[in-house]
Amino acid sequence: MKYVDVVLPLPLEDRFTYSVPSSFESVVVPGMRVTVDFRRKKTMALVAAVHETKPPFECKDILDVPDIVPVVTPQQFRLWQWIADYYMAPFGEVYNVALPGGLKAPGVYRPKTETCLALAPEYRDGRALRVAMEILKRAKAQAKAFAVFLELSHNDTLITDGAAAGTSVEITRDELMNSAHCTAAVVKSLVDRKLLVTYEREVGRLNCDTQPCLENIKRLNEAQQDAYNRILMSFMKKNVVLLHGVTSSGKTEIYIHLIKQAMEQHRQVLYLLPEIALTVQIRERLQRVFGNRLGIYHSKYSDAERVEIWKKQLSDNPYDVILGARSAVFLPFTRLGLVIVDEEHETSFKQQDPAPRYHARSVAIMLAQACGAKTLLGTATPSAETYHNATTGKYGLVTLNRRYKDIQLPEIRVVDIRDMQRRKMMNGPFSPVLVKSVREVLEGGGQAILFQNRRGFAPMMECKVCGWVPRCTNCDVSLTYHKNMNQLTCHYCGYTYKLPEACPCCGNTDLKGRGYGTEKIEDKVMEVFPEARVARMDLDTTRTRTAYERIISDFSAGRTNLLIGTQMISKGLDFGGVGVVGILNADSMLNYPDFRAYEHAFTMMSQVAGRAGRKGRRGLVILQTKSPELPVISHVVHNNTSAFYAGLFEERSLFCYPPFYNVIYIFLNHRDENRVSTAAHELGNRLRSLLGNRVLGPDRPAVAKVKTMNIRKIVLKLEKTIDMGKVRRCLRSEIGRLESDTRYNSLKVYCDVDPL
Ligand SMILES: Nc1ncnc2c1ncn2[C@@H]1O[C@H](COP(=O)(O)OP(=O)(O)OP(=O)(O)O)[C@@H](O)[C@H]1O
Ligand SMILES: [Zn+2]
C-alpha cells in the first residue's frame, strides 16, 4: 500500500497522510496535486512525499489525481521550505501564495475557449447545400451569413465542383459575425435550423504574436559597455553583484544586453520589478527586443493567465525571460541563468500581509543559487543591507557614475521653509523659488513634478476651538479628509466617515484641515499655476491598471505638464521632459518613528530628484525642508551615498540594527487590550529568560490598534553569530504555547523577520 504526505493551502505547519488507492499507485509522484477530503471539504493538496510507511492511524484515500506531470518541481519545494523556515511561516501559507489560485482549488481553472462553427454533416455535399440555400431564400440576413460562412470556411467549393470539404477552414462565431455584419441571433437561427453546428475550441490567453527582434537592441555607450564587462567579470567570482548606477545612467539597457547574453547561452532570465505599476514602461522596452520570448507574471494578472504561464514554464517551450513582481520568484524554472532585481532598494519587494512575510530580493538570491544562476541587484540608491554586502566584498560591486549622454545630475537647491514661513513668504506649500522655477519650466515648454508623500486632501482634521481630531473607531489613527468624496477615510482599514457638521465636543462648526495631501496640493496648483495641465498620481487616482497607464502616457506625450504624486512617481519612471522636481516637504519622511526612516528618506528623495533632467538639459530640484542642517539633506544634495551610509552605519551598529544585527519583530493581536497586553508581557519575559537582553519590549507600536485588533510588539536584536536555528525553535515553541493557552483565546501572534 502506498501513502502520500500532502500539504494544504492553509496556515498549517503539518503535512497530512492519505492512502493511495491502487488505481492511482503508479500515477502519483511528489509535486503532483491530489484532491483529498480535509475536514469534510474537498481540497486540492500538494504531494510532498510518496512512501509505504503505514501511519499509526486510520487514514483516508485520496480522491483524485488531476495531474499527469508534477506542477511543482523538487527545487521549488526546497525553496518554499526555506521561505517557510526563514520567515517563520507555515509551509501551507507559502504554498498558498506561491501557486496561482486556479491550480489550488478543484475546478477553478478553465481553459479559455472560443465558439466555432462547422457545416452540419447532412449538408456536406453540393446538392444538399443547394437545398439549404433554397430554404433560406426568404430569410435575407441568414442567407447572407450562411453564404459568407461557406466562403470563409472554403465550403463554397462544394456547390461549384461538389468536392469533399476536406480542406475546410475553422471559423469562429465572432469571425462570422464580423465578416457578415450579422448578430448572434442570426447565427443562432442557422444553428437552430441545423445548417451549422457549434463546438468549443481551446485557446491560450498568452500572447504569442510578436517575434523577437534583436535589432531593436540599443548599442551601449562606453561607460555602459565597461560596466557590462565588469559585471560579467564579477560574476566569475561572486554569485551576487550590485550595479550601483546613478539615475538615468541606462541600467535598463545594460540589463537588456545581459539578458541577450544569457539567452544566447540557452539560459532563462527572471527580471524582478518592485511593483506592477512599474511594468508598463519596462515591459514595452523589453517587448520590443524579446517579443514572444518574454512572459509577464504578477498578481494583478488574471488567475487563468497565471496558470497558463505556470504551465508554459513547465513545458518544453518555456519563456526565456520572465518579467514579474515579487510573486514571480515562485515560478518553475528549468534552466535559469540570471536573476535581475531592478530597483533592489524598493520596500515593496517585501510582502507585509498576509504571511509569508518574505523579501523577494532574498528569495531571488536563494532561487538563483539553487539553479546555479547569478543575481544582479540594480539601483541608484542601494539598500543598507546591499550596500554593506557590496562594500565588504560579500557581493561584487560595479558602479556607473555617469548619466547616459553625460547629462549632469540635477542641481538640488535646499529651501528652508521654517525661515520662509517666518518671513511670511510661503504661498501655501510653495516657496517663492519653487513657484518661479516651475513657472519658468512650464513657460519654456517643459514639465514639472511635485512630490508630496501624503494622499488625500488634509492628512488630519481639527477643531480650531477645542482641538478635537476625528479618529477611526477601528484603528488608533486620525482620519484623512478626502475632498472630492467629501468624507473622512481611515488609511489603515479603509473605513469612511461623514464629515461632521460641527465638532462633537464643543459644537464649533469650523473644522479645519491640517497639512497637505496630494489632493490639496492639486487645488493649490490650479490656483497658483492656472496655465498648467495637471495630473495627479497616487493610490486614489490609480485604482485601475488603465488609469495608471493613462496618467503615465499622458505625461510622457506631454498632454499634461505638471505631475503631482506620492512615492509612486519616484519609481524608475523615465520621462524626457522634466525640467524641475519639487520635494514639497522632506520632514514628513524624516520624522517617521522607525530606524529605517533616514534610509528611506534618502532613497526616496534621491530617486524623485533623479526624474529631473533625463534628456537634454540639466534638471533642477527644489528641496523644501524645515531641517536643512541635517546631514542627510546635504548627502542627498551631493548624491553622496558613501558619506550617508558611513554616518548611518555608525548609528546602526551602536544601536544594534541591520545590517549588523538581525532583527525580528513579534506582533501580538487581540481584540481585548488587557489580554494582549498580559500575553505580550508573558511572552516578553519568557523570551528574555532564554535570550536575555536581545529581547526588547513589549511596546505599543506607533499605530497600536488596526481593524479593532489591539497590537503589541516585541523586538529581537540578534547578533550575526547566533545560532538562528535555535532562536527559531525557541520562538516557535514559546509562541505555540501562548497561542494554545486558553486564557488568551483567539490571540494571534506572528513574526516579521528582517522587517522594513
Ligand atoms: N545605450 C543607449 N542607447 C540609447 N538610449 C539609451 C542608452 N542608454 C540609456 N538610454 C536611454 O536613456 C534613458 C535612461 O535610461 P534607463 O531608464 O535605462 O536608466 P536607469 O539607469 O534605469 O535609470 P533609473 O535608475 O532612474 O530608473 C532611457 O530613455 C534610455 O532609453
Ligand atoms: Zn481604521
Side-chain angles (χ1 to χ4, degrees), residues 213-231 241-261 271-275 277-290 323 340-346 348-349 376-383 386-387 398-410 412 447 449 451 552-553 555-558 563 565 567-578 581 583 602-619 621 636 639 641:
C213 181
L214 294 177
E215 292 98 76
N216 285 338
I217 202 161
K218 294 186 171 121
R219 278 194 46 186
L220 297 180
N221 68 17
E222 211 183 302
Q224 290 169 334
Q225 186 64 46
D226 181 48
Y228 171 89
N229 293 342
R230 280 184 290 145
I231 291 168
V241 171
L242 166 65
L243 171 60
H244 182 191
V246 295
T247 53
S248 201
S249 51
K251 295 184 286 296
T252 318
E253 302 303 330
I254 298 178
Y255 304 150
I256 290 175
H257 282 256
L258 289 165
I259 295 171
K260 177 168 164 269
Q261 196 255 0
Y271 187 139
L272 287 181
L273 277 172
E275 248 165 303
L278 270 178
T279 53
V280 199
Q281 282 193 329
I282 300 224
R283 184 180 66 209
E284 284 166 5
R285 281 167 79 174
L286 295 187
Q287 231 150 21
R288 241 174 281 146
V289 180
F290 300 111
L323 175 66
I340 296 166
V341 184
D342 193 9
E343 313 289 352
E344 69 82 28
H345 62 274
E346 276 286 344
S348 38
F349 276 125
L376 181 67
L377 309 177
T379 177
T381 53
S383 63
T386 298
Y387 191 76
V398 173
T399 51
L400 184 55
N401 290 322
R402 282 157 58 186
R403 279 191 150 183
Y404 177 64
K405 292 247 160 114
D406 285 329
I407 297 172
Q408 273 187 292
L409 280 171
I412 304 184
Q447 294 176 303
I449 290 182
F451 169 69
I552 303 253
S553 68
F555 196 65
S556 266
L563 180 64
Q567 33 92 28
M568 279 182 117
I569 57 167
S570 72
K571 294 169 193 288
L573 292 173
D574 182 33
F575 301 115
V578 180
V581 165
I583 298 173
F602 178 79
T603 306
M604 195 109 76
M605 288 190 269
S606 310
Q607 289 287 348
V608 178
R611 301 312 109 200
R614 291 170 74 92
K615 294 241 163 75
R617 295 245 308 279
R618 186 183 187 195
V621 177
V636 171
N639 187 36
T641 310

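Because only heavy atoms are used, hydrogens play no part in the values below, and waters and symmetry mates are left out as well, while side chains stay in. The chain is numbered in sequence order, starting from 1. Numbering of ligands and ligand atoms starts at 1, following listing order.
Between Asp342 and Tyr271, the side chains place a donor N or O and an acceptor N or O closer than 3.5 Å (distance only, hydrogens not considered). Ser556 and Ser553 form no side-chain donor-acceptor contact under 3.5 Å, judged by distance and modelled atom types alone.
For ligand 1, the atoms sitting less than 4.0 Å from at least one non-hydrogen atom of Arg219 are 1 (N), 2 (C), 3 (N), numbered in the order shown with element in parentheses. Interface atoms of ligand 1 facing Leu220, defined by a heavy-atom separation under 4.0 Å, are 1 (N). For ligand 1, the atoms lying closer than 4.0 Å to a non-hydrogen atom of Thr252 are 16 (P), 17 (O), 18 (O), 22 (O). Within ligand 1, counting atoms from 1 as listed, the ones closer than 4.0 Å to a heavy atom of Lys615 are 29 (O).
Residue Ser248 places a heavy atom less than 4.0 Å from ligand 1. Distances shorter than 4.0 angstrom do not occur between any heavy atom of Gly245 and any atom of ligand 1. Residue contacts with ligand 1 include Arg611, since one or more of its heavy atoms lies under 4.0 Å from the ligand.
A search for side-chain contact (heavy atoms from CB on, under 4.5 Å) contacts involving Ser348 returns Pro274, Glu275, Glu346, not counting sequence neighbours. For Arg403, the salt bridge (Lys or Arg N to Asp or Glu O under 4.0 Å) criterion is met by no residue, not counting sequence neighbours.
With distances taken over non-hydrogen atoms, the option nearest atom 17 (O) of ligand 1 out of Arg285, Lys251, Glu343 is Arg285.
For the pair Glu343 and Phe349, the tightest heavy-atom approach, listed with the atom from each and the gap, is O-CE1, 3.3 Å.
Residue Gly250 places at least one N or O, backbone or side chain, under 3.5 Å from an N or O of ligand 1.
Looking only at side-chain heavy atoms (C-beta outward), Thr247 and Arg611 come within less than 4.5 Å of each other.
Glu253 has a carboxylate O that lies under 4.0 Å from a charged side-chain N of Arg285, or vice versa, which qualifies the two as a salt bridge.
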